[in-house]
Amino acid sequence: MPPKKRSKVSEKTTKPGKDEDGSQEAAGSKRKANGATKVKPKSAGSPECWLMKSEPESRFENGIDMKFGIEDLKALPDQTSCWDGVRNYQARNFMRQMKEGQVAFFYHSNCKEPGIAGVMKIVKEAYVDHTQFDKKDVHFDASSKRDNPKWSMVDVQYQRMMKRFIPLSELKKYHLQHRAKEGPLKDMALFTRARLSVQPLTTEEFDFILSLEDEKPL
DNA sequence: GCCAACGTTGGC
DNA sequence: GCCAACGTTGGC
């Protein structure tokens with residue numbers, strides 16, 4: 001089901017010299033297997049939870065509205081959309097690691113109240129992002145060749161809203177707290193790799209954030 | 001709207 | 001390959 005969609009994520013950044021910069025990814029997920037400290041099963045291999053940013057408020061780029069919030073995803077047929085327009089190698093590489101059935105937070109960025117709005121599911125693994133070849137598209141990339149496409153996308157499906165919106169400000173408080181006194185959000189990519197629009201979460205991070213739904217706002 | 005952080009470009 | 005200039009992201 002070729003999901004109808006819109007455009008999300010703004011990622012600009014066009015052509016770095018090389019392509020297939022290949023493995024830059026595993027980024028936050030590595031962590032040596034046997035430190036002395038906390039050896040939890042943690043990320044046994046590649047990440048299984050994700051956070052993906054998109055802008056829920058109108059903003060025009062080349063006359064095209066970049067707005068795509070969780071309500072927009074929810075309103076689509078099948079509540080499904082492709083996640084196109086990612087033009088950053090690290091973010092792209094993370095998308096290429098995604099597996100069908102994995103879950104991702106829908107994060108609202110560049111807006112009045114940034115934060116986590118809901119949960120979605122990966123329903124189709126990485127494939128060619130057609131917008132890179134479309135001259136009319138905001139994310140057209142003249143340097144990408146049909147026979148060797150640079151950019152990928154995945155399909156995501158709406159799952160649910162958070163029981164309560166989890167604002168960035170609250171996540172940041174926990175992050176600082178956990179950094180001072182060891183806690184699950186200590187190394188959260190949202191804070192350590194601020195501009196990454198597609199990022200991995202450890203299951204500890206993911207579960208902790210889910211647990212906040214039932215807590216009072218900090 | 002400002003601007004810090006940070007990724008990319010291009011001169012050398 | 002260094003690094004300054006430039007452009008983008010995204011919080012505030």
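Below, chains carry the letters A, B, ... as their sequence lines are ordered, and counting in each starts from 1.
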Side-chain donor-acceptor pairs of residues 106-120 of chain A under 3.5 Å, sequence neighbours excluded:
{"unit_1": "A/His108", "atom_1": "NE2", "unit_2": "A/Ile70", "atom_2": "N", "d": "3.0"}
{"unit_1": "A/Asn110", "atom_1": "ND2", "unit_2": "A/Glu55", "atom_2": "OE1", "d": "3.4"}

Next on the checklist: Applying a 4.0 Å non-hydrogen cut-off, can you work out what A/Phe191 is touching in the nucleic acid: base, sugar-phosphate, or nothing?
Outcome noted: nothing

Using atom [atom1] of [X] as one end and atom [atom2] of [N] as the other, report the distance to the nearest whole Å.
X: A/Glu55; N: C/dG11; atom1: CD; atom2: P; value: 9 Å
X: A/Glu170; N: C/dG11; atom1: CD; atom2: P; value: 16 Å
X: A/Asn88; N: B/dT9; atom1: CG; atom2: C1'; value: 15 Å
X: A/Asn93; N: B/dG7; atom1: CG; atom2: P; value: 14 Å
X: A/Leu196; N: C/dT8; atom1: CG; atom2: C1'; value: 14 Å
X: A/His175; N: C/dG11; atom1: NE2; atom2: P; value: 14 Å
X: A/Asp141; N: B/dT8; atom1: CG; atom2: C1'; value: 13 Å
X: A/Arg195; N: B/dC6; atom1: CZ; atom2: P; value: 8 Å

Checklist entry - Under a 4.0 Å heavy-atom cut-off, which of residues 108-120 of chain A touch DNA chain C? => result A/Ser109, A/Asn110, A/Pro114

Next on the checklist: For a quick test of reading the model, state the closest non-hydrogen atom pair linking A/Val198 to A/Met98 and the distance between them.
Outcome noted: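 Shortest heavy-atom contact: CG1-CE, 3.5 Å.
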
Can a salt bridge be assigned to the pair [X] and [Y] using a cut-off of 4.0 Å between side-chain N and carboxylate O?
X: A/Lys216; Y: A/Glu170; answer: no
X: A/Asp141; Y: A/Arg87; answer: no
X: A/Glu213; Y: A/Arg160; answer: yes

Item to check | Between A/Trp151 and A/Phe140, ring centroids under 6.0 Å | outcome: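 No: the rings miss the under 6.0 Å criterion.
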
Checklist entry - Within the structure, does a side-chain N or O atom of A/Lys53 lie under 4.0 Å from either OP1 or OP2 of C/dG11? => result no

Item to check | Short side-chain N/O contact from A/Tyr89 to OP1 or OP2 of B/dC6, under 4.0 Å | outcome: no

Next on the checklist: Could you work out, with ring pair (Phe, Tyr, Trp, His ring centres under 6.0 Å) as the rule, every residue matching A/Phe105, not counting sequence neighbours?
Outcome noted: A/Phe206

Next on the checklist: Counting only side-chain heavy atoms from C-beta out, which of C/dG7, C/dG11, C/dC12 sits nearest to A/Lys172?
Outcome noted: C/dC12

